[in-house]
Amino acid sequence: GDVEGRYTYKQLKEIADFLKETSKMEPKVGIICGSGLGTIADALVDPLVINYSQIPNFPRSTVKGHSGSLVFGCLSCVPVVVMKGRFHFYEGYPMWKVTMPCRIFKLLGCSYLFVSNAAGSINPKYKVGDIIVLRDHIYYVGLSGYNPLRGPNEWEFGPRFPPTSNCYDVDLRKAGMRIAKELGYEDRFYEGVYAALAGPSYESVAEARMLLKCGVDSVGMSTIPEVLVAVHCGLTVFGISIVTEEGNLEWAVTKVPNHLEVLAAAQAMEKPLREFVTAMVKFMGNK
Ligand code: 6GU
């Protein structure tokens with residue numbers, strides 16, 4: 001049941017009104033944290049944590065021990081709301097639950113979506129710990145029918161046939177690459193194409209080779225549904241992948257990702273990532 005259920009506009013308004021009353025804030029940027037990237041929320045000044053379980057009509061996160069939370073606060077004096085723990089399609093959530101937070105961001109008054117994910121690299125140039133600023137995407141899940149915008153159009157939010165040729169704002173991408181350079185991280189930042197699979201199984205070697213031939217740089221199981229719904233309702237989008245695994249393009253190689261190495265690489269990028277997000281949000285606040 002993907003299109004049987006949906007949030008009514010009234011339900012979404014109720015969620016947004018609850019969050020407005022509780023936070024007394026009007027965030028300018030909505031930030032979605034990828035797996036292991038929740039430390040972005042730790043950088044907020046005067047954080048207010050609202051657990052998903054406290055929010056009417058909000059789904060629960062399936063990750064054990066964490067219901068997930070929205071954190072309101074300031075980054076570089078810009079009011080933001082951070083989503084710690086997203087809803088993945090592979091967990092069994094329907095697309096209308098996966099993407100609901102973007103419409104909430106819109107109703108809260110956000111102009112921007114900053115979205116991040118942990119991803120595998122397909123382009124052999126990219127190593128664990130590299131950060132890929134999303135230039136474009138290939139949405140395999142949508143090409144095979146699971147588009148979050150399928151079903152009656154929600155005219156309160158946007159048009160029936162939204163274009164997707166400019167999902168990742170060019171000014172933000174340029175600013176992102178400039179800021180990475182100014183921070184001294186140009187050797188770890190690239191612009192690239194992200195592909196989303198439904199998951200939860202990883203890509204096979206043949207699939208990885210297909211992705212490479214299709215021009216894919218990084219691959220994961222998230223982000224694009226949220227981006228499509230954000231673009232539909234007029235949010236300006238900026239996205240990054242953090243490479244936490246290197247995709248396997250060789251049948252002869254049976255490399256198993258070393259989880260400790262992956263964690264160490266992600267941890268090593270925590271400081272650069274925090275600096276980068278802080279600077280990007282400052283740029284968004286001044287735009
Ligand atoms: Cl779909 N593939 C690989 N290789 N690594 C990942 C991933 C996918 N999603 C997160 N990390």
Side-chain angles (χ1 to χ4, degrees), residues 31-40 61-64 66 68 83-93 95 98-99 114-148 168 188-228 239-270 273:
I31 302 175
I32 300 178
C33 297
S35 315
L37 306 172
T39 55
I40 289 171
S61 181
T62 64
V63 182
K64 279 199 196 74
H66 295 277
M83 203 185 163
K84 260 181 105 166
R86 63 147 59 87
F87 308 111
H88 296 94
F89 186 63
Y90 67 75
E91 294 175 278
Y93 294 105
M95 284 299 183
V98 170
T99 58
F114 187 130
V115 64
S116 64
N117 59 57
S121 67
I122 290 296
N123 186 330
K125 231 176 42 182
Y126 304 145
K127 304 303 177 194
V128 168
D130 284 348
I131 292 179
I132 302 179
V133 170
L134 305 194
R135 168 185 284 147
D136 203 347
H137 66 228
I138 299 181
Y139 187 38
Y140 286 96
V141 187
L143 293 179
S144 46
Y146 284 95
N147 192 300
Y168 304 91
R188 304 311 302 270
F189 275 72
Y190 302 90
E191 263 190 275
V193 172
Y194 173 79
L197 315 176
S201 48
Y202 286 130
E203 68 284 354
S204 69
V205 173
E207 286 164 348
R209 294 166 76 108
M210 178 197 79
L211 294 172
L212 182 64
K213 283 195 176 159
C214 290
V216 170
D217 295 300
S218 63
V219 62
M221 306 170 188
S222 69
T223 302
I224 307 180
E226 292 102 311
V227 167
L228 293 174
I240 54 173
S241 283
I242 292 82
V243 175
T244 54
E245 278 107 7
E246 286 160 28
N248 186 2
L249 291 150
E250 298 298 333
W251 287 289
V253 181
T254 50
K255 66 176 175 195
V256 180
N258 176 331
H259 193 59
L260 284 178
E261 274 173 20
V262 166
L263 283 182
Q267 265 166 21
M269 288 308 283
E270 249 172 42
L273 200 59

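Whatever order the structure lists them in is the order used to number ligands and atoms, beginning at 1. Keep in mind that the numbers below use all heavy atoms, side chains included, and drop hydrogens, waters and symmetry copies.
- The distance from the OH atom of Tyr168 to the CD atom of Glu191 is 12.5 Å, given to the nearest 0.5 Å.
- Side chain of Lys125 to main chain of Ile122: no donor-acceptor pair is present (N/O by atom type, distance under 3.5 Å, no hydrogens or angles).
- Under a 4.0 Å criterion applied to the non-hydrogen atoms of Ala119, ligand 1 contributes the atoms 6 (C), 10 (C), 11 (N).
- The nearest protein atom to atom 5 (N) of ligand 1, hydrogens excluded, is given as Glu245 OE1, 3.0 Å; this is a heavy-atom distance.
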For residues 192-200, run the donor-acceptor check on the side chains, cut-off 3.5 Å, and write out each pair with its distance to 0.1 Å, sequence neighbours left out.
{"residue": "Tyr194", "atom": "OH", "partner": "Met221", "partner atom": "N", "Å": "3.4"}
{"residue": "Tyr194", "atom": "OH", "partner": "Ser222", "partner atom": "N", "Å": "3.2"}
{"residue": "Tyr194", "atom": "OH", "partner": "Ser222", "partner atom": "O", "Å": "3.2"}

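- Taking all heavy atoms of Ala118, Ser218, Ser121 into account, the minimum distance to atom 10 (C) of ligand 1 is reached by Ala118.
- Under a 3.5 Å cut-off, the side chain of Thr244 and the backbone N or O of Gly129 do not form any donor-acceptor pair.
- Atoms of ligand 1 lying under 4.0 Å from any heavy atom of Gly120, numbered from 1 in the order shown and given with element: 3 (C), 4 (N), 5 (N), 6 (C), 7 (C), 11 (N).
- Every atom of ligand 1 with a heavy atom of Gly220 under 4.0 Å away is listed here by number and element: 1 (Cl), 7 (C), 9 (N).
- Classification of the Tyr90-His88 ring pair by plane angle, with boundaries at 30° and 60°, yields parallel.
- The Met221 neighbourhood of ligand 1 comprises atoms 1 (Cl), with distances under 4.0 Å to a heavy atom of that residue.
- Tyr190 and Tyr126 have tilted rings, their planes meeting at an angle from 30° to 60° on a 0 to 90° scale.
- Of the protein's non-hydrogen atoms, the one nearest atom 2 (N) of ligand 1 is Glu203 OE1, 2.7 Å.
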